[in-house]
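Order of listing sets the numbers, starting from 1, for every ligand and every atom in it. Just so you know, these numbers use all the heavy atoms, side chains as well, and skip hydrogens, waters and symmetry mates.
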Amino acid sequence: MAGAGASGVDWLRREGAGQQSGRRKQLAEGSLWRFNMAEGAETFSLREVLVAFTACVSEQREVRVDPYLAGWKGLVRFLNCLGTIFSFISKDAVTKIEIIENYRNSDQREKYLTVQSMVEYELANGLVDLQKRSDSGCRTLLRLHRALHWLQMFLEGLRTGKDNSKTSVICSETYNASLANYHPWIIRKAAGVAFCALPTRNTFLETMNVGTAEEAVAMLGDALPYICEVYKITEELYAQHKLLDLP
Ligand SMILES: CCCCCCCC/C=C\CCCCCCCC(=O)N[C@@H](COP(=O)(O)O)[C@H](O)/C=C/CCCCCCCCCCCCC
């Protein structure tokens, strides 16, 4: 993958995208990534989150749903560590994760193995409402997909920011340039207030449990190309099926 082949990505290759065949099979079947929301409560490791996203893209360039959800669950754990002011955001993310997880636990679980198979199945069976809000997998995942765009920009902002930059500024600038376009005024306002509670960039990076701020930055640099790839593949798929504006 472009940008991910440089030195220092061994941990990613080993643990994420470059799974040995046994683990690859487990990933494809979903067993490695499926766990309850209650599990691992409030512990956060940036490594785990990034490894989950690196494991998302299959050899056929399909996006696996289980590691995608595992990545989001890890992010929610991180958000919960930041304080109750972020609860309204994590609750919404959890609701969306659980909707898709329920499909993965249903009789139709195989149809929801990848984003591609989900789109194909839901469209072929008339399960996607193009006119009004629904709980379809396609519509729900679109919300997380838009948030992934913000995450990509936010992590890049953190990675390239100066030591003394304000996380709150990086967060609000990237939010305003992405996700905010889909949110009503009241949500934008509440998000803006919550962002003010974010710690400084270096404290923020140290909270990620991977060592120093410099080590966290290096890890972000290794992993971002994989997150971008997940975003790009999903964006192209949704564009191809005209699903990017689902209500
Ligand atoms: C790698 C570690 C560092 C990064 C840490 C980032 C942690 C972020 C964790 C979770 C992000 C939450 C994702 C939220 C998904 C929002 C989906 C959404 O857009 N929902 C809205 C629309 O839904 P429907 O009504 O159409 O169903 C919904 O209205 C939103 C409600 C909640 C507000 C969402 C604000 C999102 C702000 C972006 C996250 C900021 C987190 C800051 C922490 C650094």
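The backbone N or O of V63 sits nowhere less than 3.5 Å from a side-chain atom of T114 that would complete a donor-acceptor pair.
Other residues, nucleotides and ligands place more than 12 heavy atoms under 6.0 Å from the CG atom of N181.
Between Y112 and Y103, the ring planes lie parallel to each other; the angle is under 30°, not in the 30° to 60° tilted range. Note: F154 and F204 have perpendicular aromatic rings, judged against thresholds of 30 and 60 degrees for the angle between ring planes.
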Below 3.5 Å only, please: the N or O atoms of ligand 1 paired with protein N or O atoms, distance on each line.
residue: ligand 1; atom: 19 (O); partner: H183; partner atom: NE2; Å: 2.7
residue: ligand 1; atom: 20 (N); partner: D92; partner atom: OD2; Å: 2.8
residue: ligand 1; atom: 23 (O); partner: K96; partner atom: NZ; Å: 3.2
residue: ligand 1; atom: 25 (O); partner: R133; partner atom: NH1; Å: 3.0
residue: ligand 1; atom: 26 (O); partner: R139; partner atom: NH2; Å: 2.8
residue: ligand 1; atom: 26 (O); partner: R143; partner atom: NE; Å: 3.1
residue: ligand 1; atom: 27 (O); partner: K96; partner atom: NZ; Å: 2.8
residue: ligand 1; atom: 27 (O); partner: R133; partner atom: NH2; Å: 3.1
residue: ligand 1; atom: 27 (O); partner: R139; partner atom: NH1; Å: 3.0
residue: ligand 1; atom: 27 (O); partner: R139; partner atom: NH2; Å: 3.3

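When each of V217, L205, L46 is checked for a side-chain contact (heavy atoms from CB on, under 4.5 Å) with V210, only L46 meets the rule.
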- Message: Please evaluate residues S87 and S90 with respect to the criterion side chain to side chain donor-acceptor pair (under 3.5 Å), reporting the C-alpha separation (whole Å), side-chain torsions for both, the decisive distance (0.1 Å), and the verdict.
- Response: CA-CA 5 Å; S87 300; S90 62; 5.1 Å; no

